[in-house]
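Below, all heavy atoms of this structure are taken into account, side chains as well, without hydrogens, waters or symmetry copies. Both counts, for ligands and for their atoms, begin at 1 and track the order of listing. Residue numbers run from 1 in the order of the sequence given.
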Amino acid sequence: MEAVVLDNLSKTYPGGKRAVQSVSLSLAPGEVFGFLGPNGAGKTSTVKMLNGILKPTEGGCRVFGYDPVKEPEKVHMISGIVTEHARMYDAMSGQDNLIFYAEVFGISGEEGKRRARELLEQMELTEAAERKLSAYSTGMRQRLSLARALLHHPRVLFLDEPTSGLDPESAQNVNRMIRSLAEKEGIAVFLCTHQLRYAQEICTRYGLIEEGRLLAEGTLEELRGKAFTESSVRIRTGQETMRLSIRSEKDIPGIVKQMVESGKDVYAVEEEVPTLEEIYFALTEGGKKQDE
Ligand SMILES: Nc1ncnc2c1ncn2[C@@H]1O[C@H](COP(=O)(O)OP(=O)(O)OP(=O)(O)O)[C@@H](O)[C@H]1O
Ligand SMILES: [Mg+2]
């Protein structure tokens, strides 16, 4: 069964703002889906609908078959969510926060304590376990929030900018954790982010959203094909470096052979593959032109 399905999902806010417009996509267990788009694109509105916090105005969505509008508690039992501004109890320690939320999920007593300790360790918060949350840094709060989302062993994780405000090292650690949760435990991850470089490191598939519309969806390779019809290759021969356009990597051996036959010594050949960032800008600009 698909982990998450969006079927013509739409949200128009009272007042007329069309935040999400007929978005359809799905993701399987073990996938890390990068939901990418500029500020105001509709990412958070989508996540809120997937969690039953917000009701769609048209279309709908499912989490492992459950409709968040009709069975929000079922959805909550199998999903974890991390938002940008996690609300937890400032006057309580990190550990006590986790123990409290474990109980909310029906994990009580020793079992709850054990799970809290395990996650604190995993998030590298063991040393700060007894400290009050009011003394946590932004990064520590984000990691605790991820720990909270994992307490009940969810099958889906909804992450809305989980690494915003984290230093590069912490962000990398969190990303590594997210990836291993997907790989080892088969958790499906729906990740909203602006941080394209990190996204490229951990996502298996992407959706680009702008002004509520899904502009493109697919793997990095598929999006590359949509954004660029040709790529290029850099070839260094002695003192000279050339940049040639090619249609695919299949063109490369022929080019190198020709050079060698014409008496040139080839020192380096490097295909220039567009990054997720370049693809993102190519496709979102394309999207704007289409609308005009
Ligand atoms: N409660 C609301 N009432 C009216 N309009 C809203 C409401 N919440 C969001 N919007 C509008 O809906 C659009 C989508 O907002 P949303 O928060 O989903 O975007 P986002 O992609 O998460 O952006 P960001 O990257 O800034 O977090 C924006 O134009 C926003 O102003
Ligand atoms: Mg948002």
Completion exercise
Ranked by distance from atom 26 (O) of ligand 1, the top protein heavy atom is N39 ND2, 2.9 Å
Practice task
Could you list the atoms of ligand 1 found under 4.0 angstrom from a heavy atom of A19?
Solution key: 12 (O), 13 (C), 14 (C)
Problem - Sidechain N-carboxylate O distance under 4.0 Å for E110, R114 - result: no
Handout entry: Among L120, L125, T126, the one residue meeting side-chain contact (heavy atoms from CB on, under 4.5 Å) with M123
Key = L125
Exercise for the section: Evaluate the side-chain hydrogen bond (donor to acceptor under 3.5 Å, both in side chains) criterion for residues S232 and E272: first the C-alpha distance (whole Å), next the side-chain angles of each, then the deciding distance (0.1 Å), finally the verdict. Expected result: CA-CA 5 Å; S232 55; E272 288 186 330; 2.9 Å; yes
Handout entry: Spatial distance of atom CD (Q172) from atom CG (D167) [nearest 0.5 Å]
Key = 10.0 Å
Handout entry: salt_bridge(R236, E240) N-O dist < 4.0 Å
Key = no
Handout entry: Lys/Arg N to Asp/Glu carboxylate O, E201 vs R176, below 4.0 Å
Key = no
Fill in the blank from the handout: atom 13 (C) of ligand 1 sits nearest the protein heavy atom G40 O, 3.6 Å
Handout entry: Flag: protein heavy atom within less than 4.0 Å of atom 30 (C) of ligand 1
Key = no
Fill in the blank from the handout: Nearest non-hydrogen protein atom to atom 18 (O) of ligand 1, with distance, is S45 OG, 2.6 Å
Practice task
Answer with side chain, backbone, both or neither: which part of K17 has a heavy atom less than 4.0 angstrom from an atom of ligand 1?
Solution key: side chain
Handout entry: Atoms of ligand 1, numbered as shown, that sit under 4.0 Å from any heavy atom of H194
Key = 25 (O)
Handout entry: Heavy-atom nearest neighbour in the protein, as seen from atom 17 (O) of ligand 1, with distance rounded to 0.1 Å
Key = T44 CB, 3.7 Å
Practice task
Give a yes or no on whether N39 keeps an N, O or S atom under 2.8 Å from the Mg ion (ligand 2).
Solution key: no
Problem - Protein residue, atom and distance nearest to atom 5 (N) of ligand 1, heavy-atom basis - result: Y13 CD1, 3.4 Å
Completion exercise
Among E210, E211, K43, K48, closest by heavy atom to atom 21 (O) of ligand 1 is K43
Completion exercise
Shortest non-hydrogen pair, D67 vs V75, comes out as C-CG2, 4.4 Å
Practice task
Answer yes or no for G42: is there a heavy-atom contact with ligand 1 below 4.0 Å?
Solution key: yes
Problem - Distance-only N or O hit between ligand 1 and A41, under 3.5 Å - result: yes
Exercise for the section: Would you please indicate if the ring centroids of F33 and Y206 are separated by under 6.0 Å? Expected result: no
Practice task
Find out whether the Lys NZ or Arg CZ of K11 is both under 6.0 angstrom from the six-membered ring centre of Y13 and within 45° of the ring's axis.
Solution key: yes
